[in-house]
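Just below is one structure, and these are the notes that go with it.
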Protein chains: 2
Amino acid sequence: MFSIFVTVMAKIQGKRNSTKKEVIIEKASRLFREKGFGAASMRDLAEHVGVEAASLYNHIQSKSEILQTICFKVANEFMTNLEAVEASNQSTLKKMEAIIRRHIRMMLEQYEYVYISDHEWRHLPEPYLSNFLNQRRSYRKRLADIIEDGTTKGEIKAIDPYTAVLVILSAISGIDSWQRSRKSTTAEALESNMVKYLIEGLKK
Amino acid sequence: MFSIFVTVMAKIQGKRNSTKKEVIIEKASRLFREKGFGAASMRDLAEHVGVEAASLYNHIQSKSEILQTICFKVANEFMTNLEAVEASNQSTLKKMEAIIRRHIRMMLEQYEYVYISDHEWRHLPEPYLSNFLNQRRSYRKRLADIIEDGTTKGEIKAIDPYTAVLVILSAISGIDSWQRSRKSTTAEALESNMVKYLIEGLKK
DNA sequence: AGAAAACACTAACGACTGTTAGCCATAACT
DNA sequence: AGTTATGGCTAACAGTCGTTAGTGTTTTCT
């Protein structure tokens with residue numbers, strides 16, 4: 001009964017098949033990225049949504065609820081993908097490549113969300129902050145386990161797995177500082193260039 | 001005459017051979033990193049310095065002056081190092097290794113400053129913002145030129161130079177998200193692990 | 001048609017922001 | 001010893017912050 005109620009709500013408000021809450025979060029994600037969570041004000045956000053600041057609270061509960069929604073949406077999406085890769089029967093190198101490609105695509109297709117999840121999680125209130133950091137730590141641990149498994153099996157070079165995870169994740173999250181200056185580069189080219197470097201390195 | 005005046009000033013105020021302005025900037029750097037520039041208040045900062053908020057303005061001109069000082073200090077230091085490497089007569093691979101090692105050491109030794117320069121430059125007011133971005137663009141361009149030079153000479157693998165710069169710089173700046181969780185790792189180990197990956201890649 | 005729910009509005013609260021004015025003590029220089 | 005500059009302090013300004021209360025209007029359901 002409750003879920004039916006919610007569904008009806010969504011239909012009522014929809015423009016382009018999206019709830020007003022979704023519109024708010026979408027606009028907020030751009031704003032949070034541009035100005036940072038702390039510097040983006042609810043009045044700013046309201047203006048972009050086309051409404052007065054107070055009216056936002058008919059759809060959301062607080063400013064930080066928006067941040068929570070974004071951060072955990074991204075975290076869950078990555079976690080789900082990781083589980084699929086873990087369950088698959090590919091070689092270690094293929095697994096890593098799949099994960100890298102997934103990250104790059106998420107970065108390109110859901111840029112605002114991923115950026116915020118990467119850079120603004122500090123402003124999450126407890127207990128969400130601890131929750132988020134636990135998820136992140138777990139994610140990285142499992143990634144490192146895949147790499148370590150690969151080195152013990154001799155499938156990939158013997159390298160410190162934590163360092164490898166650090167390099168890979170950081171490199172991808174750094175795409176943000178790039179995409180403005182090199183719009184000409186297509187997504188596919190960027191993806192294959194990055195995969196090439198991250199797999200094969202610089203040395204000839 | 002003016003410079004003598006300034007020198008005397010520095011001696012007067014010094015605790016541990018540092019001006020009070022330097023103390024303020026040092027404390028501010030930790031605060032800006034922990035809370036972000038926007039969320040860190042002058043009253044917060046004043047408390048850490050052991051003084052009332054208004055008293056800070058006897059030593060600095062504004063909050064953003066602190067940010068400017070930090071950002072350009074870091075930028076200049078990297079730029080100076082780059083010029084030295086460019087002028088040297090090493091192989092491309094050695095040049096890149098030197099730059100990578102320098103970045104890692106700066107990250108470990110001047111963590112707060114480098115972090116802020118990496119993450120909080122958005123809050124620089126004009127015209128400093130444009131200035132900073134120009135310097136950064138120039139730095140990356142020259143780094144890419146070194147790599148490109150190496151590929152045409154056949155000294156390193158044929159890889160998109162811009163992608164390589166992106167991967168290298170991002171990987172290093174990602175050390176921040178690591179150092180808390182892996183304090184056990186020594187600086188030397190981290191450095192050699194990262195260099196190994198960034199030079200040799202993952203593939204066996 | 002009438003009841004109810006959804007949602008936008010204005011006004012305002014209390015807390016907090018960076019910063020300035022002005023005052024007073026101490027320390028340095030002549 | 002007397003003048004001056006340094007650098008603390010309190011108080012305050014003008015503005016912004018997230019958020020709530022209360023009201024009115026529109027839309028949906030019965």
Side-chain angles (χ1 to χ4, degrees), chain A residues 1-15 18-25 27-28 31-32 34-70 120 123-126 128, chain B residues 1-15 18-25 27-28 31-32 34-70 120 123-126 128:
Chain A
M1 189 182 122
F2 181 68
S3 67
I4 290 171
F5 179 75
V6 171
T7 306
V8 171
M9 285 286 307
K11 275 179 190 170
I12 292 173
Q13 317 201 18
K15 301 175 181 180
S18 57
T19 311
K20 192 134 205 171
K21 181 168 183 175
E22 289 168 348
V23 172
I24 291 174
I25 290 175
K27 298 284 186 187
L31 209 62
F32 289 176
E34 283 174 353
K35 305 200 169 189
F37 178 78
S41 77
M42 296 301 275
R43 288 169 178 85
D44 256 3
L45 174 56
E47 200 172 341
H48 280 85
V49 177
V51 112
E52 291 299 315
S55 305
L56 296 173
Y57 289 84
N58 287 321
H59 306 277
I60 59 162
Q61 285 189 324
S62 68
K63 189 187 182 187
S64 73
E65 189 210 8
I66 301 176
L67 186 60
Q68 293 158 33
T69 304
I70 293 173
E120 304 291 336
H123 299 97
L124 284 170
E126 292 288 4
Y128 302 98
Chain B
M1 187 181 120
F2 181 68
S3 66
I4 291 171
F5 177 74
V6 171
T7 307
V8 172
M9 284 286 307
K11 275 179 187 167
I12 292 172
Q13 316 202 20
K15 300 176 180 178
S18 56
T19 313
K20 191 133 205 173
K21 182 169 182 173
E22 290 169 346
V23 172
I24 290 173
I25 291 175
K27 298 285 187 186
L31 208 62
F32 289 176
E34 283 173 353
K35 304 198 169 190
F37 178 78
S41 78
M42 295 302 275
R43 287 167 179 85
D44 255 4
L45 173 56
E47 201 172 340
H48 280 85
V49 177
V51 114
E52 289 300 313
S55 304
L56 295 173
Y57 289 84
N58 287 322
H59 305 278
I60 59 162
Q61 285 190 326
S62 67
K63 188 187 181 186
S64 73
E65 189 209 7
I66 302 176
L67 186 60
Q68 293 159 33
T69 304
I70 293 173
E120 304 291 336
H123 299 97
L124 285 171
E126 291 288 2
Y128 302 98

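Convention: sequence-line order gives letters A, B, ...; per-chain numbering from 1.
Going from atom CG of A/Leu56 over to atom NZ of A/Lys20 covers 9.0 Å, rounded to the nearest 0.5 Å. Here CD1 of B/Ile24 is found 12.5 Å from CG of B/Leu31. Values are rounded to the nearest 0.5 Å. Considering CZ of A/Phe32 and CD1 of A/Ile70, their distance stands at 6.0 Å, rounded to 0.5 Å.
Remark: B/Gln61 pairs with B/Glu65 by the side chain to side chain contact (heavy atoms under 4.5 Å, CB included) rule, at least two apart or across chains.
Taking atom CG of B/Leu56 as the reference point, atom P of C/dT20 lies 12 Å away to the nearest angstrom. One atom, CD of B/Glu52, and another, P of C/dG18, lie 14 Å apart when rounded to the nearest Å. The distance from atom CD1 of A/Ile24 to atom P of D/dT19 is 13 Å, rounded to the nearest whole Å. Rounded to whole Å, atom C1' of D/dT20 lies 14 Å from atom CD of A/Gln61. Following rounding to the nearest Å, A/His59 (NE2) and C/dA5 (C1') show an atom-to-atom distance of 13 Å. In this structure, B/Ile60 places its CD1 atom 12 Å from P of D/dG8, rounding to the nearest Å. Protein atom OH of B/Tyr57 is 11 Å distant from nucleotide atom P of C/dT17, rounded to whole Å. Distance B/Lys35 NZ to C/dT17 P: 9 Å, rounded to the nearest Å.
You'll find a donor-acceptor pair under 3.5 Å spanning the side chain of A/Asn58 and the base of C/dA8, going by distance alone.
Dashed line: the shortest gap from a side-chain N or O of B/Lys20 to OP1 or OP2 of D/dT6 is not under 4.0 Å. For C/dC7, the OP1/OP2 oxygens have no side-chain nitrogen or oxygen of A/Ser55 closer than 4.0 Å.
Here the side chain of A/Ala54 is nearest to one of D/dG18, C/dA11, D/dA11, namely C/dA11. Comparing D/dT19, C/dT19, D/dG8 by their nearest atom to the side chain of A/Ser62 picks out D/dT19.
Among residues at least two apart or in separate chains, side chain to side chain donor-acceptor pair (under 3.5 Å) pairs with a member in residues 34-51 of chain A are A/Lys35-A/Asp44.
Ring geometry, A/His123 versus A/Phe37: the interplanar angle falls from 30° to 60°, so the pair is classed tilted.
The neighbour count for B/Lys27 NZ, taken as heavy atoms of other residues, nucleotides or ligands under 6.0 Å away, does not exceed 12.
Taking a 4.0 Å limit (strictly below) on heavy-atom distances, residues 40-51 of chain A reaches DNA chain C at A/Arg43, A/Val51.
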